[in-house]
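Shown next, in structure tokens, is the structure this report addresses.
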Amino acid sequence: MTKPNPIELRNVSLAYPDKTLLSDVSLLIESGVLTSLQGRNGTGKSTLLRCIAGLVKPSKGDVIINHQSIIQLTPLERSQLIGTLWTDKVRIPGITLRDLVWMGTYNARKAASSEALNIVTDECIEALDLQLLAKQPLNELSDGELQKAMIARALAQRPSFLLLDEPTTYLDYVAKEELMKTLKKLCENQGPGILFTSHDLDIITKYAQHKLELKNGSVCAID
Amino acid sequence: MNFRLLLILGFTTLCLILLQLGTGSVYISPSSLWNSLIQSPNAEQTETTILWDSRIPRTLAGILAGAALAWSGMLMQTLFRNPLAGPSMLGISSGASLGVALLVLGGGFSIVPGIPAYISIASAAYVGAFLMLACVLLVADRFANESTLLIFGMMLTFFTSALVDALQSRAGNEALRSYVSWGMGSFGECNYIELLLLGLGLLASLLISVAILPRLNLMLLGENYATSMGVHVKKTRFAMMIATGMMAGCVTAFCGPVSFIGLAVPHISRWITQSADHKKNLITTLWLGAIVALACDWISRMTALPLNTIASGLGAPFVVMLVIQWKRFKPLI
């Protein structure tokens with residue numbers, strides 16, 4: 001299996017009438033690497049993730065993946081390259097954890113058989129160690145369990161990259177450690193590249209292989 | 001859908017159909033029903049005439065309109081991720097009301113000569129509903145999210161209501177009575193051509209709904225997640241609005257602005273299936289919509305009260321009871 005091309009940000013700027021959030025940001029996000037992004041509240045970490053995911057068009061510059069601008073790709077094509085976790089809480093009554101993870105396979109429904117998609121679903125549930133909760137409805141899961149379920153759902157998209165906005169929020173200390181170990185394991189063996197935002201410096205120091213900081217609209221490496 | 005639920009829904013529907021067909025100002029016994037419907041449908045008897053000219057079209061209108069309103073309510077609650085959304089949220093019902101108000105109450109407009117009043121009223125409602133839908137669809141693309149679209153739909157509703165109020169304040173007694181009577185909703189005014197149009201509208205909307213069914217659950221996760229999971233949110237939103245517009249537009253044109261069913265039945269369906277999954281709720285919602293519409297219409301006939309009075313007056317306390325009883329129910333669909 002060949003290593004996927006990195007995500008390349010070329011002079012990305014994003015400004016709102018009253019505020020400049022990103023200013024001339026250029027960086028590479030490698031696949032198979034666990035990269036952290038830190039920064040104070042309101043500096044634009046989530047916005048940067050949204051730009052990379054193609055949900056927000058930069059005012060200037062471009063996000064390139066596989067030699068193509070992310071904004072030019074269709075949502076379906078983007079979903080095959082990038083999986084995401086946002087901070088919005090999603091608790092749909094009656095939808096089980098397995099149903100949620102299976103939703104992640106939506107982008108492969110035309111190409112794969114339902115047996116293959118079921119296998120992918122089960123693998124992703126297992127990767128996040130959620131087998132015992134598979135039949136539990138989302139509204140009965142704890143915040144931490146739901147967070148892991150959402151990551152399993154993103155993983156079921158089989159993306160080359162995962163963008164995780166504050167994945168350790170809502171988790172207790174033990175659950176944070178477990179999740180970060182799982183994410184690191186996912187990256188290994190040519191797994192997806194993971195870019196996660198966090199305010200937890202202990203977690204970043206311990207697990208991130210590449211550390212970035214967003215400050216005054218610019219991104220700098222802090223390795 | 002499990003067998004028990006199928007049995008309960010089937011039995012309830014059968015009972016309601018028999019009540020609808022058999023009871024009223026003239027009682028028709030089950031054996032006479034059998035005679036008139038199956039054995040000699042062409043016999044020139046009073047009962048046969050009552051059945052084929054009045055009660056059968058009324059029952060069919062209730063079934064089709066109830067199912068259409070319920071499913072369009074489900075689509076709107078998913079689109080806006082709001083449990084209070086209903087088919088009227090996009091201003092479709094108020095567009096139909098404005099169309100009828102202009103025709104019936106407007107000074108310069110009168111019922112078109114030579115054309116039966118019900119046809120001109122239905123046409124005005126249909127044109128009003130679709131012009132309003134076209135207006136919403138034209139601007140929907142400019143809105144960043146569903147909340148803004150919801151606010152736009154509501155403001156449009158307020159604006160058209162203001163126009164209707166202005167027309168009402170200047171209308172004569174006779175015109176005002178006609179308009180108010182239409183506004184109370186009724187399944188008893190549909191003829192077979194209108195039923196055919198209603199059925200076609202529902203069928204087309206259902207075909208669209210089935211085509212987008214796998215995307216509907218993803219829409220429940222919100223725009224950010226749906227887009228990053230591969231859903232073209234704008235196209236899906238457009239398809240949902242077209243489907244709702246066709247269903248709500250047809251129902252409002254032929255039966256008047258029927259309230260409550262579209263808002264409440266999706267909640268009852270989710271309570272029964274214990275799930276927000278659209279695949280699990282499609283048949284249940286359609287079927288329950290038909291049942292609730294038939295029940296409300298039958299009570300309305302028996303008590304000689306308007307359909308909307310029964311639907312809202314009895315239905316609202318029932319749904320409140322349901323929501324309070326079901327502790328696991330989370331109003332956020």
Side-chain angles (χ1 to χ4, degrees), chain A residues 46 49-50 52-57 70-71 73-96 98-111 114 117 137-140 146 149-150 153-159 161-165, chain B residues 1-2 74 77-78 81-83 144-147 211-238 266-282 284-285 322-323 325-333:
Chain A
S46 304
L49 255 54
R50 286 163 59 82
I52 299 171
L55 297 177
V56 174
K57 194 179 175 191
I70 192 85
I71 219 81
L73 300 174
T74 64
L76 196 68
E77 288 165 337
R78 283 202 294 260
S79 72
Q80 287 155 350
L81 296 167
I82 295 175
T84 58
L85 173 80
W86 306 108
T87 47
D88 334 7
K89 269 196 179 184
V90 177
R91 284 189 186 280
I92 314 168
I95 300 265
T96 64
R98 197 180 186 286
D99 292 339
L100 177 77
V101 179
W102 196 78
M103 281 185 204
T105 64
Y106 171 78
N107 62 2
R109 302 248 169 111
K110 281 184 185 158
S114 55
L117 298 181
L138 296 185
N139 49 323
E140 290 177 14
L146 183 66
M150 291 302 284
R153 171 210 51 85
L155 205 59
Q157 291 174 219
R158 287 290 188 240
F161 293 91
L162 282 177
L163 304 177
L164 311 178
D165 197 4
Chain B
M1 188 185 288
N2 62 40
M74 178 68 96
Q77 288 174 12
T78 302
R81 296 208 302 149
N82 187 328
N145 54 46
E146 289 89 2
S147 308
I212 60 170
L213 202 58
R215 289 182 243 166
L216 293 179
N217 285 351
L218 274 68
M219 292 291 281
L220 284 179
L221 299 175
E223 199 169 329
N224 279 345
Y225 277 121
T227 308
S228 31
M229 290 165 80
V231 175
H232 201 302
V233 170
K234 277 184 182 169
K235 278 185 188 168
T236 309
R237 205 157 73 172
F238 192 81
H267 291 293
I268 303 173
S269 173
R270 281 191 286 266
W271 176 72
I272 288 176
T273 60
Q274 296 268 306
S275 176
D277 188 341
H278 289 84
K279 227 183 247 176
K280 287 181 190 163
N281 278 296
L282 175 62
T284 320
T285 306
L322 206 71
V323 172
Q325 285 285 314
W326 184 24
K327 294 206 170 62
R328 287 166 63 195
F329 180 90
K330 294 272 192 286
L332 180 70
I333 43 173

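In what follows, chains are A, B, ... by sequence order, proteins preceding strands, each numbered from 1. Only this structure's heavy atoms are used, side chains among them; waters, hydrogens and symmetry mates stay out. Bear in mind that the values here come from a model prediction, so they are computed numbers and not experimental data.
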Considering non-hydrogen atoms only, spot the tightest contact between Thr84(A) and Ser228(B) and give its length.
OG1-OG, 2.8 Å

Do you know which two heavy atoms are closest between Tyr106(A) and Arg215(B), and how far apart they sit?
OH-CG, 3.1 Å

Just give me the residue among Val231(B), Asn224(B), Thr273(B) that pairs up with chain A most often, heavy atom to heavy atom, under 4.5 Å.
Asn224(B)

From CD1 (Ile92(A)) to CG (Leu221(B)), nearest 0.5 Å
4.5 Å

Donor-acceptor pair, Gln157(A) side chain versus Gly230(B) backbone, under 3.5 Å?
no

Can you tell me how far CE of Met229(B) sits from OG1 of Thr105(A), rounded to the nearest 0.5 angstrom?
8.0 Å

Quick check for you: to the nearest 0.5 Å, what is the distance between Thr227(B) atom OG1 and Arg78(A) atom CZ?
7.0 Å

First locate atom NZ of Lys279(B), then atom CG of Asp99(A), and finally report the distance between them rounded to the nearest 0.5 Å.
9.5 Å

With chain B, the option among Asp88(A), Thr96(A), Leu85(A) that has the most non-hydrogen atom pairs under 4.5 Å is Leu85(A)

So how far is it from Leu100(A) CG to Asn217(B) CG, rounded to the nearest 0.5 Å?
10.0 Å

What distance do Tyr225(B) atom OH and Arg153(A) atom CZ have between them, rounded to the nearest 0.5 Å?
5.5 Å

When Ala154(A), Ala156(A), Ala53(A), Ser79(A) are compared by non-hydrogen pairs under 4.5 Å with chain B, the top option:
Ser79(A)

Side chain from CB out, backbone as N, CA, C, O: work out which of these in Leu163(A) comes under 4.5 Å of a heavy atom of chain B, or both, or neither.
neither

Heaviest contributor of heavy-atom pairs below 4.5 Å to chain B, chosen from Thr74(A), Leu55(A), Asn107(A), is Leu55(A)

